[in-house]
Amino acid sequence: MNTSILKIKQHKRDLLENHIKGSLNQYSSLFGCDSDAIYVMDLDGFFLPLNPACERIFGYDPQRFSKLTYMKVVTVEHLDRALSFFYKALEGKLQNFDCQVIHQNGAIIDVNITNYPIVVDEEIIGVYGIAKNITEIKQRRRRLTEEIQQREEVYREIVEHSPDAVVIAKHEQILFANNTALHLVGGKEKSEIIGRNIYDFLLSDYKKIIKERVKLVETGKIVDFIEIQLVRLDGEIMDVEIKAIPAIYQNEPARHIIIRDITEKKRTQKMLLQSEKLTVAGQLAAGIAHEIRNPLTAIKGFLQLMESDKNVKSTYIDIINSEMNRIEQILSELLLLSKPQGQKIKETSIIKILQNVKALIDAQAILNNTNVTISCTTKIPHLVCDENQLKQVFINLLKNSIEAMPDGGTINIEVDKYNENSVMITVSDQGSGIANEHLDHVGQPFFTTKENGTGLGLMISMQIIKNHNGTFHISSSPNGTIIEITLPL
Ligand code: ADP
Ligand code: MG
């Protein structure tokens, strides 16, 4: 090596030793109590121990320690890093890093090292070192990681063998899916779903509601089952119900999502609904036939009058027109009721729905000496609903009320705002009421006290209201029955 460089090095080494003997000496008792190894390093990286902790951590007495550098004490795997941190410190920057060193007795020790430059008269003459023994902390951390991994393994096993389809997702990404989930969407390899976006598998109509639920679960709340539609890998749409629970996956917050196939349930519901609709249509038919006969008789009479009278009176035509309209209205409601209907959600006036239902049911009501009134005191905004399904609900309720009043009476339908966001519809009759012991059973499928009853009317009505996110409440006394329904506006 060039002699002048050697001279500079020696000069700096002298400065360093003076610095230790001089300025640093006053701290020696302070260093002495420290459990961390405190040392300095010269420009070539040779150690100069400053406290007894150096011997405890590295295992070498001060004399032997001062003949060593990181080259000797740092493990091979960490050496490159340790040296690069040392050189960076020599360039004037504070460094902090974790690495492993080999104790003189061969033991591997985890240390956290801080290196920073020693500056004297604006010249860097060496590096300070503080090495903290973090073996225990590291071991504890390792044990914890192992434990977490084991727990995750158990969790994975449970999920993998769950009969429900389970998907674990973080934000929008699917991190894990069990075999049931894979089959549900019609996949063969997990790679077809893992890593993909959850919204790839959702009908876009549900995106908004799912987004809101994701937000809730991400703040630690559990959200209960809702019915939605999935898009399978082959593009087919499928009815499912899903629920999500906050979970931890790979050490990070995630969502545990349970998915159940409800295709079969939906199909049965549809069939029940249709058979009940046909039954109701059949039961109403007698009353309607009667109701239609009256206007037809009137029309016939007027037509005969008109035949004999050359100057047709416009009042006759008006009467015929209005009677024809009534027939048309009743028949179209009846047809609507018996036709199978797909879901049709749109904005509709609840009053209009009730008036249409009244038109259809009035035939039977009049036969039974029953009067149906609709009252509404405030202006009610339109509802977003399936009009035909709601009609079905009120037909069922009015039929029940008529049947509960064999001697006739009045059925009052009141519409009012329940609160800012919902409307309440109350249907009350003066019938015999529901016996206390039956109150728990009404609404269960096939529960009926009537000879020709189906026991499906209330069940289907409750189902429809539930699907509209509304509430359904029955109260009854020997003086009559009151049904209260709320529906969101
Ligand atoms: P169904 O009318 O075919 O019997 P529902 O589900 O409509 O089936 O009603 C179930 C039962 O609930 C009826 O059989 C009746 O006992 C009772 N119920 C329902 N509504 C009323 C009512 N308004 N007044 C008295 N009983 C009622
Ligand atoms: Mg009924």
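Numbering of ligands and ligand atoms starts at 1, following listing order.
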Verify whether one side chain among [X] and [Y] offers a donor that lies under 3.5 Å from an acceptor in the other.
X	Y	value
Asp239	Thr263	no
Thr135	Asp110	no
Ser422	Asn419	yes

(request) Verify whether the ring centers belonging to Phe97 and His78 lie closer than 6.0 Å. (result)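 No, they do not, as the ring centres are separated by 6.0 Å or more.
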
Protein residues having a heavy atom less than 4.0 Å from any atom of ligand 1:
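Residue list for ligand 1: Asn400, Ser401, Ala404, Asp429, Gly433, Ile434, Val442, Phe447, Thr448, Thr449, Lys450, Gly453, Thr454, Gly455, Leu456, Gly457, Leu458, Thr481.
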
Worksheet item: N/O/S of Asn396 less than 2.8 Å from the Mg ion (ligand 2)?
Response: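 Under 2.8 Å: Asn396 has no N, O or S contact with the Mg ion (ligand 2).
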
Which of these, Thr373, Asp429, Thr426, sits in a side chain to side chain donor-acceptor pair (under 3.5 Å) with Asn412?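 The residue from Thr373, Asp429, Thr426 that satisfies side chain to side chain donor-acceptor pair (under 3.5 Å) with Asn412 turns out to be Thr373.
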
Original post:
Any ion pair linking Glu160 and Lys190 (charged N to carboxylate O, less than 4.0 Å)?
Top reply: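 Counted as a salt bridge, because a side-chain N and a carboxylate O are separated by less than 4.0 Å.
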
